[in-house]
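To start, the structure under review is shown below, and the notes come after it.
What you see is a predicted model, and the numbers here were worked out from it, not measured in a lab. Here is how names work: the chains are called A, B, and so on, in the same order as the sequence lines, proteins then strands, and each is numbered from 1.
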There are 4 protein chains.
Amino acid sequence: MSDSFHCSQESDILPPDFKHLINSESYEDIISAVENEPFMVAPMKLMSSPTCAMLTTDEYAGPFGFEIQIDGGSSGKQWMFSYDLNKLFINIDTAIHLGFKCEPFQSGLFVRAVPVYCETDAFQEPIVRCLFHRAESNPHNKGFSADIFDHVLRIIHSDAMYDYDESSERRSVRVPLGHPQAGTDWVTVEFKFMCKNSCISGMNRRPTDVIFTLEDSNLAVLGRRKMKVRICSCPKRDKTKEEEDMKSKHGNTVPQGKRAVAHKTEDDPSSKLRKVDLFQISLLDKEALVDVTDYARSRILRKLRIEKRGATEKEEKLLNDYECTLQMYE
Amino acid sequence: MSDSFHCSQESDILPPDFKHLINSESYEDIISAVENEPFMVAPMKLMSSPTCAMLTTDEYAGPFGFEIQIDGGSSGKQWMFSYDLNKLFINIDTAIHLGFKCEPFQSGLFVRAVPVYCETDAFQEPIVRCLFHRAESNPHNKGFSADIFDHVLRIIHSDAMYDYDESSERRSVRVPLGHPQAGTDWVTVEFKFMCKNSCISGMNRRPTDVIFTLEDSNLAVLGRRKMKVRICSCPKRDKTKEEEDMKSKHGNTVPQGKRAVAHKTEDDPSSKLRKVDLFQISLLDKEALVDVTDYARSRILRKLRIEKRGATEKEEKLLNDYECTLQMYE
Amino acid sequence: MSDSFHCSQESDILPPDFKHLINSESYEDIISAVENEPFMVAPMKLMSSPTCAMLTTDEYAGPFGFEIQIDGGSSGKQWMFSYDLNKLFINIDTAIHLGFKCEPFQSGLFVRAVPVYCETDAFQEPIVRCLFHRAESNPHNKGFSADIFDHVLRIIHSDAMYDYDESSERRSVRVPLGHPQAGTDWVTVEFKFMCKNSCISGMNRRPTDVIFTLEDSNLAVLGRRKMKVRICSCPKRDKTKEEEDMKSKHGNTVPQGKRAVAHKTEDDPSSKLRKVDLFQISLLDKEALVDVTDYARSRILRKLRIEKRGATEKEEKLLNDYECTLQMYE
Amino acid sequence: MSDSFHCSQESDILPPDFKHLINSESYEDIISAVENEPFMVAPMKLMSSPTCAMLTTDEYAGPFGFEIQIDGGSSGKQWMFSYDLNKLFINIDTAIHLGFKCEPFQSGLFVRAVPVYCETDAFQEPIVRCLFHRAESNPHNKGFSADIFDHVLRIIHSDAMYDYDESSERRSVRVPLGHPQAGTDWVTVEFKFMCKNSCISGMNRRPTDVIFTLEDSNLAVLGRRKMKVRICSCPKRDKTKEEEDMKSKHGNTVPQGKRAVAHKTEDDPSSKLRKVDLFQISLLDKEALVDVTDYARSRILRKLRIEKRGATEKEEKLLNDYECTLQMYE
DNA sequence: CTACATGTAAACCGACATGTCC
DNA sequence: GGACATGTCGGTTTACATGTAG
Ligand SMILES: [Zn+2]
Ligand SMILES: [Zn+2]
Ligand SMILES: [Zn+2]
Ligand SMILES: [Zn+2]
């Protein structure tokens with residue numbers, strides 16, 4: 001869970017680009033804007049919902065600095081991530097953990113994942129499971145509701161919501177984005193792909209992307225990330241092959257001097273800087289949440305009063321967070 | 001991390017500390033409330049008996065403050081208890097004494113023990129003895145009634161009752177809970193495990209828990225405790241190994257080349273993500289954490305007192321969590 | 001090596017030779033004997049119908065001298081017949097014409113075709129179409145009744161009857177056998193195969209035979225022929241490959257790194273060991289072999305003539321064997 | 001099927017010993033003796049039947065020159081034969097083909113295989129299947145008669161007879177020895193082992209031999225061979241290990257000059273010399289057998305008469321064989 | 001308590017099977 | 001018809017699990 005993968009199509013020489021992370025200077029402005037008119041960020045629901053036929057696929061950090069992360073280090077299993085290609089190679093029915101970050105994490109946010117064909121010709125065709133894998137008798141469907149039989153992409157979470165867009169016929173899945181565990185500022189979500197790219201009567205050997213969008217509960221898009229994905233039986237073999245293909249292609253057009261460079265992404269200190277060591281407690285119901293949040297807020301304020309000082313940046317952010325919560329539930 | 005046995009990460013030298021279990025101030029109130037209306041806690045016998053296929057495994061002190069204790073200090077050679085793992089490592093056919101507490105001890109109470117597989121996949125499969133150990137000719141069966149040949153778990157007591165649930169096919173054993181001997185408030189029960197986790201045609205190397213339930217004679221569940229158990233030939237070696245594995249796992253981000261299997265309930269962080277029915281707040285530092293947690297706890301206790309009722313299962317779990325947190329950071 | 005199509009090892013240039021099938025001298029006698037008492041051959045319908053799970057697959061000319069013919073000369077691109085392998089290689093949805101002969105052609109006769117897996121393990125599993133090809137939306141099903149969507153094998157004839165054996169779940173197709181056109185004594189029937197052997201969720205790369213039975217309207221079997229079939233995308237390539245494999249196998253003692261699977265009936269020598277109901281004698285040289293085989297053959301034929309009856313299945317098999325031997329060594 | 005394995009316990013330097021093959025000089029005497037007083041060879045049935053507790057295990061070619069052969073060449077399977085150790089390493093439920101030779105092959109002969117513990121302590125204990133593998137529910141028993149559930153050793157042949165010796169409680173299996181196929185003078189029998197040496201409540205890690213005896217129908221022993229067998233999950237690993245152990249043991253007691261020498265057994269020309277290229281034909285019933293055999297005999301005799309010469313050795317043997325057959329069935 | 005015995009599982013790799021494209 | 005795409009299999013190796021023995 002250490003490497004944030006970059007999203008450009010360029011060769012692996014390029015360092016990952018973190019500029020899309022929110023600059024702290026503009027942070028308060030955004031937050032305050034959001035607080036006052038929550039979720040104003042152009043919903044454009046009718047014109048271009050995150051699941052419409054011609055959905056936008058451009059990367060977009062958005063007001064929350066939405067980011068996505070994969071732990072490419074633990075390769076060698078049923079999946080491999082290629083930093084060179086920014087592409088995930090994964091077997092069918094294999095759990096993959098992706099990390100999501102947004103600042104701040106607040107209730108009412110969702111992450112949606114929608115698979116799309118990346119070739120222009122097929123782009124508008126919705127991706128659905130093949131006849132074989134969607135059959136009720138298929139073991140991968142054992143114990144699941146028929147609602148999700150047609151979904152290629154699953155989120156393994158009891159709150160996962162499987163959406164079907166009647167107009168585009170796209171199927172997607174989303175989950176409420178909780179808060180990060182102590183010691184990290186990423187929220188981990190587990191995905192599984194339930195068809196192969198090669199499935200006949202399904203994806204039929206067409207290459208695919210997955211589009212991840214950060215949304216509020218009105219489906220307004222607050223951020224967007226893209227990842228190439230190939231679901232296949234031999235992730236390692238195919239990753240190697242595609243990387244070699246890519247290199248030899250570059251070899252023809254670009255001088256050979258290129259050398260493999262260590263991925264800065266993997267240990268970019270800037271991401272570490274952002275880690276906040278927060279603690280968490282769980283509350284039973286909204287009433288308790290409001291009550292305890294209020295207590296926690298007054299606690300800080302009292303402390304500041306006693307210590308006769310202003311809030312640190314961290315404290316400020318937390319207070320902000322508390323306010324958001326209180327506003328939302330009171 | 002929600003087990004009654006121990007909540008700290010310290011080594012197993014420390015004796016178990018049970019003081020944190022139920023806050024003594026509010027304790028009497030709860031009990032007295034319950035005493036007047038005994039067994040009010042919805043039995044839900046049909047929906048979920050303590051031996052049904054999908055039996056509940058969550059810890060639950062219940063109206064009697066049901067607790068369980070093991071004397072880990074006197075760990076002999078044939079068994080060892082790991083406080084780090086909350087897990088008993090024991091050889092086959094070895095006597096182990098467990099202490100049970102409920103307040104008040106009254107007639108008509110039983111303690112039942114039912115072994116279950118903890119892996120999600122196998123959870124519903126009843127645990128029975130392997131063909132080898134259940135054979136009449138097996139020396140461990142000498143002198144016993146054939147009724148218990150198939151039971152992995154025995155209570156060494158003349159009043160032990162061996163139950164077979166025809167619907168789930170689970171086999172369990174229970175015994176009337178007497179009164180504590182003078183000088184203690186724990187009742188001791190002797191158990192023996194009659195198969196190993198590694199027994200082929202039996203548990204087949206699958207890890208197991210034992211669920212202890214406090215019941216009345218109508219099988220209504222009045223309390224529940226869980227203990228991980230591994231029956232093996234080398235309790236010490238295997239305990240050491242698992243503890244080391246656990247430590248190195250917590251050290252690394254991801255367990256490297258190890259075999260991991262989905263467990264039904266685990267303290268693995270991803271399971272926390274599933275606590276969707278709970279709310280979370282973030283705190284800045286340990287001091288704030290302790291302070292706010294204590295506030296949240298007293299809030300619940302106050303509520304219970306006001307409403308003159310015992311804790312629901314959820315509330316109890318939360319209280320438990322709070323206690324653990326407090327103990328860890330105070 | 002007991003197929004009607006061809007018994008020599010020569011290349012597929014040779015046209016099929018049908019002369020050896022039934023010795024013409026004794027042939028008329030047999031037929032006339034049968035004509036007077038038609039259908040005397042024990043139908044044993046209950047015990048072993050032509051579509052039951054354990055259906056018989058042995059070749060059997062029967063009282064009508066049932067034979068089957070394929071015009072291998074006109075091998076187009078979409079199908080090829082291998083005389084070396086007695087195997088049809090054909091593409092999906094491709095018309096193939098088979099000739100059937102019986103003497104005399106009379107009303108009330110049917111030809112049934114039932115596909116079966118030839119590997120022992122899968123033999124009893126009924127062959128049905130894969131989920132992809134059986135889907136109503138599949139273009140190959142356009143304009144057809146849903147009754148036949150699940151049938152791998154079709155007869156292109158308005159009188160074709162598609163049977164479903166509820167007990168074995170086998171699907172087969174049959175057609176009334178008309179009379180030959182002027183100038184020939186073969187009746188031609190057009191078949192199509194509607195799945196590939198490689199279809200997942202269908203035949204799943206398992207090799208297949210087709211069993212052709214001559215039947216009366218009571219389903220009594222009056223003759224039986226077998227043909228290996230492989231439905232694939234590259235009939236020619238695959239035919240060449242299998243023929244080469246076969247040759248190199250016969251050359252070497254043991255197929256080195258190849259995958260071999262038990263077949264239900266094969267010319268593999270170990271199956272001969274099982275012929276426990278037969279007796280064997282050893283001969284010194286080819287001359288003796290031919291001589292004695294011829295003697296044994298005439299012995300059986302004489303007996304049939306004397307007893308005025310047709311050959312039993314066993315006798316016919318032996319006669320077939322003898323013919324093969326004679327042809328091979330004469 | 002090329003290597004006859006030798007049966008001595010010595011190191012692998014020793015060439016295989018073929019002296020036990022029948023000397024051709026004494027051949028006629030033996031045969032004639034046998035023909036006149038068939039099966040006179042000391043039956044000793046009561047004292048030491050081939051399945052008694054203290055059964056003899058010494059190698060014994062006997063009057064028929066009984067021999068056994070295994071094809072050790074094909075590695076990488078589920079079994080491996082060590083010529084160094086004269087030991088078969090094989091997985092459970094794995095087919096192994098053994099070749100048997102006796103001169104002459106005649107009807108009424110049987111081959112029996114009985115497994116025994118080779119350690120002195122356990123030798124008299126009968127070998128039976130473990131509780132796990134003998135259970136009716138065990139998939140390896142699916143489709144088999146309960147009679148053979150307890151047998152560790154199976155012969156895959158419809159005529160296999162499973163014997164139980166009530167006095168010794170040993171279980172063994174035997175099969176009538178047919179005639180060799182054309183082109184070889186070995187009869188092949190397929191065996192399977194249905195428990196592992198490590199099976200608890202069964203062989204329990206004790207090493208085993210298999211004793212093969214050539215018998216007549218009165219259980220008189222006419223030949224005996226012995227083979228070490230280890231049934232395990234990793235035949236290759238364990239074979240390698242035992243061979244290394246053996247070598248290092250020899251290294252301590254014997255000067256190191258020993259070098260691995262090619263096994264003469266593997267291509268000993270003497271065995272090739274004995275190969276007779278005979279042809280075979282099958283007959284339907286005894287009557288046909290007698291008739292055709294008589295024809296074949298007179299054919300040879302006529303030929304000799306015409307060519308005015310005596311019989312060659314081969315012819316002589318065949319004639320003898322024919323006589324045997326006629327005598328037995330007429 | 002160390003060394004070993006021995007079953008199991010995962011990972012790896014190369015060979016093959018078989019559809020598709022050009 | 002050749003080159004490729006891509007699933008599957010079989011064999012190998014390595015690591016691990018776990019009982020036994022000295
Ligand atoms: Zn699919
Ligand atoms: Zn057991
Ligand atoms: Zn199909
Ligand atoms: Zn066994």
Q. Can you find a pair of side-chain heavy atoms, one from D:T94 and one from D:K192, that are under 4.5 Å apart?
A. no

Q.
Between C1' on F:dA5 and CE on A:M203, what's the gap in Å once rounded to a whole number?
A. 16 Å

Q. Can you tell me how far the CZ atom of D:R129 sits from the SG atom of D:C195, to the nearest 0.5 Å?
A. 5.5 Å

Q) Are B:R206 and B:Y117 in a cation-pi setup, meaning NZ or CZ lies under 6.0 angstrom from the ring centre and within 45 degrees of the ring axis? A) yes

Considering only nitrogen or oxygen atoms on both sides, find all protein atoms under 3.5 Å from nucleotides 19-22 of chain F and state each distance.
residue	atom	partner	partner atom	Å
F:dG19	OP1	B:S198	OG	2.2
F:dG19	OP2	B:S233	N	3.1
F:dG19	O5'	B:S233	OG	3.1
F:dG19	N7	B:R237	NH2	3.0
F:dG19	O6	B:R237	NH1	2.8
F:dT20	O3'	D:R205	NH1	3.4

Q. Can you check the A:K241 NZ to E:dC13 P distance for me, whole Å?
A. 17 Å

**Q.** Nucleotide E:dG19, atom C1' - distance to CG of A:N204 in whole Å
**A.** 11 Å

Q. Between E:dC13 atom P and A:K239 atom NZ, what is the distance in whole Å?
A. 13 Å

Q.
Taking A:S198's backbone N and O only, do any of them form a donor-acceptor pair with A:R205's side chain (distance below 3.5 Å, no angle check)?
A. no

Q. Near B:K236 NZ, under 6.0 Å, is it more than 12 heavy atoms from other residues, nucleotides or ligands?
A. no

Q) Could D:K239 and D:E243 be called an ion pair, given the rule that one side-chain N must be under 4.0 Å from one carboxylate O? A) yes

Q. Taking CD from B:E244 and C1' from F:dC16, how many angstroms apart are they, rounded to a whole number?
A. 15 Å

(Q) In whole Å, I'd like the distance from the CE atom of B:M80 to the C1' atom of E:dC1. (A) 14 Å

Q | A:D245 CG to F:dC4 C1', straight-line distance once rounded to whole Å | A | 11 Å

Q) Taking atom P of F:dG11 as reference, at what distance in whole Å does atom NZ of D:K236 sit? A) 11 Å

